[in-house]
Q: 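Okay, handing you the structure first.
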Amino acid sequence: MKKIKLTTKSQQETMDFGEGFAKALKAGDIICLFGDLGSGKTTLVKGFAKGLLISPRKVHSPTFTLMNVYEGRNSLPIFHFDLYRIEDVKEIFALDYEEYLFGNGVAIIEWAEKLHDLMPGNYYSFELKHKSENERLITATKKEKK
Ligand SMILES: Nc1ncnc2c1ncn2[C@@H]1O[C@H](COP(=O)(O)OP(=O)(O)O)[C@@H](O)[C@H]1O
Ligand SMILES: [Mg+2]
């Protein structure tokens, strides 16, 4: 995947981008999302969900539980993490993190920078930046360990 840079002008455009991208997702894929509060991470996840045939209404930031599980197309499990409230990566270990990250599903992680040393070697990176009230700059790349 080449680096993709685009500016979306509405929540809907961000969702549409996520929906299109998600069509190619498969078991074992990891998506790391970076960006401030309100930059559109959860909105993008709703788009991924649509592309995976999950109702976007089911998608909420799992702020208190750290992780939600949804069932996508062909019973593909989707593990949606929000690490905003994590203070110590040990809390992630308590979740049996490896099982989810290297398991039979797709892992989608908001505030992925909180993984620190647990950051996977290979993942899709999405960075979101506020440009104006309704504009977000999205930079998507595939990170691969050399
Ligand atoms: N272009 C855009 N893309 C995504 N969200 C947008 C955009 N323009 C405005 N918004 C608004 O920004 C907010 C993004 O919230 P959310 O997706 O929950 O962000 P995060 O998960 O990063 O905290 C929503 O209220 C949404 O309506
Ligand atoms: Mg969020």
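This one's a predicted model, so the numbers in the text were calculated from it and none came from an experiment. All ligand and atom numbering here is 1-based and tracks the order in the structure.
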Q: Hey, are Thr42 and Ser61 close enough side-chain-wise for a donor-acceptor pair under 3.5 Å?
A: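 Yes.
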Q: Using heavy-atom distances, let me know which of Gly38, Ser132, Ser10, Ser39 sits nearest atom 2 (C) of ligand 1.
A: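 Among Gly38, Ser132, Ser10, Ser39, the closest heavy atom to atom 2 (C) of ligand 1 comes from Ser10.
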Q: Which residue holds the protein heavy atom closest to atom 7 (C) of ligand 1, what is that atom called, and what is the gap in Å?
A: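 Closest protein heavy atom to atom 7 (C) of ligand 1: Gln11 N, 3.7 Å.
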Q: Is there a path of hydrophobic side-chain contacts, each under 4.5 Å between heavy atoms, that joins Ile4 and Leu44?
A: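 Both belong to a single hydrophobic cluster.
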Q: Among all protein heavy atoms in this structure, tell me which lies nearest to atom 18 (O) of ligand 1, with the distance rounded to 0.1 Å.
A: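 The closest heavy atom on the protein side is Thr42 CB, 3.7 Å.
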Q: Around atom 3 (N) of ligand 1, find the nearest protein heavy atom and jot down its residue, atom name and distance.
A: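 Of every protein heavy atom, Thr14 OG1, 2.6 Å lies nearest to atom 3 (N) of ligand 1.
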Q: Do any nitrogen or oxygen atoms of Ser61 lie less than 3.5 angstrom from nitrogen or oxygen atoms of ligand 1?
A: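 The answer is no, given that Ser61 and ligand 1 share no N or O pair closer than 3.5 Å.
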Q: Using a 4.0 Å heavy-atom threshold (strictly under), name the region of Asp36 that reaches ligand 1: side chain, backbone, both or neither.
A: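 For Asp36, the contact with ligand 1 is made by the backbone alone.
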Q: So, the side chain of Lys3 versus the backbone of Thr141: is there a donor-acceptor pair under 3.5 Å, distance only?
A: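 Such a contact is absent between Lys3 side chain and Thr141 backbone.
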Q: Classify the ring geometry between Tyr123 and Phe34 as parallel (under 30°), tilted (30 to 60°) or perpendicular (over 60°).
A: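 Plane angle between 30° and 60°, so tilted.
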Q: With a 4.0 Å cut-off on heavy atoms, is Glu13 in contact with ligand 1?
A: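 Per 4.0 Å heavy-atom rule, Glu13 does not contact ligand 1.
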Q: In the protein, what heavy atom is nearest to atom 17 (O) of ligand 1, and what distance, to one decimal place, separates them?
A: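 Going by distance alone, atom 17 (O) of ligand 1 is nearest to Thr43 OG1, 2.6 Å.
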Q: Could you tell me whether Thr8 approaches ligand 1 through its side chain, its backbone, both or neither, with non-hydrogen atoms closer than 4.0 Å?
A: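 Near ligand 1, Thr8 shows its backbone as well as its side chain.
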Q: Would Tyr84 count as a contact for the Mg ion (ligand 2), in the sense that one of its N, O or S atoms lies under 2.8 Å from it?
A: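 Tyr84 does not place any N, O or S atom closer than 2.8 Å to the Mg ion (ligand 2).
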Q: Walk me through it: do Val59 and His80 pass the test side-chain contact (heavy atoms from CB on, under 4.5 Å)?
A: CA-CA 9 Å; Val59 175; His80 177 199; 3.9 Å; yes
Q: Considering only protein heavy atoms, which is closest to atom 22 (O) of ligand 1, and at what distance to one decimal place?
A: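 Here the closest protein heavy atom is Lys41 NZ, 2.7 Å.
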Q: Ile109, Phe79: one ILVMFWY side-chain cluster at the under-4.5 Å cut-off?
A: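 Ile109 and Phe79: one cluster.
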Q: If you have a sec, work out which protein heavy atom is nearest atom 19 (O) of ligand 1 and how many Å separate them, to one decimal?
A: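 Atom 19 (O) of ligand 1 sits closest to the protein heavy atom Gly40 N, 3.1 Å.
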Q: Can a protein heavy atom be found under 4.0 Å away from atom 25 (O) of ligand 1?
A: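 Given the 4.0 Å limit, the answer for atom 25 (O) of ligand 1 is no, no protein heavy atom qualifies.
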Q: Among Lys9, Arg136, Met15, which one puts a heavy atom closest to atom 6 (C) of ligand 1?
A: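 The residue whose heavy atom sits nearest atom 6 (C) of ligand 1 is Arg136.
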Q: Should the ring pair Tyr124 and Phe21 be called parallel, tilted or perpendicular, given that the plane angle runs from 0 to 90° and is split at 30 and 60?
A: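 Perpendicular, since the angle between the ring planes exceeds 60°.
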Q: Given Glu133, Glu135, Gln12, which one has a non-hydrogen atom that is nearest to atom 9 (C) of ligand 1?
A: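 Result: the heavy atom closest to atom 9 (C) of ligand 1 is in Glu133.
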Q: If hydrophobic clusters are built from ILVMFWY residues whose side chains come within less than 4.5 Å, do Ile54 and Ile31 share one?
A: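 Shared cluster, yes.
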Q: Quick one, Glu135 with His130, criterion side-chain hydrogen bond (donor to acceptor under 3.5 Å, both in side chains). Give me CA distance, side-chain angles, the key distance, then yes/no.
A: CA-CA 6 Å; Glu135 289 177 309; His130 276 89; over 6 Å; no
Q: Check whether any N or O atom of Leu37, backbone or side chain, sits under 3.5 Å from an N or O atom of ligand 1, and answer yes or no.
A: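 No, no N or O pair falls under 3.5 Å.
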Q: Do Tyr70 and Phe48 have their ring centres less than 6.0 Å from each other?
A: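 So the answer is no for these two rings.
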Q: What is the name of the N/O/S atom in Glu110 that sits closest to the Mg ion (ligand 2)?
A: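 For Glu110, the N/O/S atom sitting closest to the Mg ion (ligand 2) is OE1.
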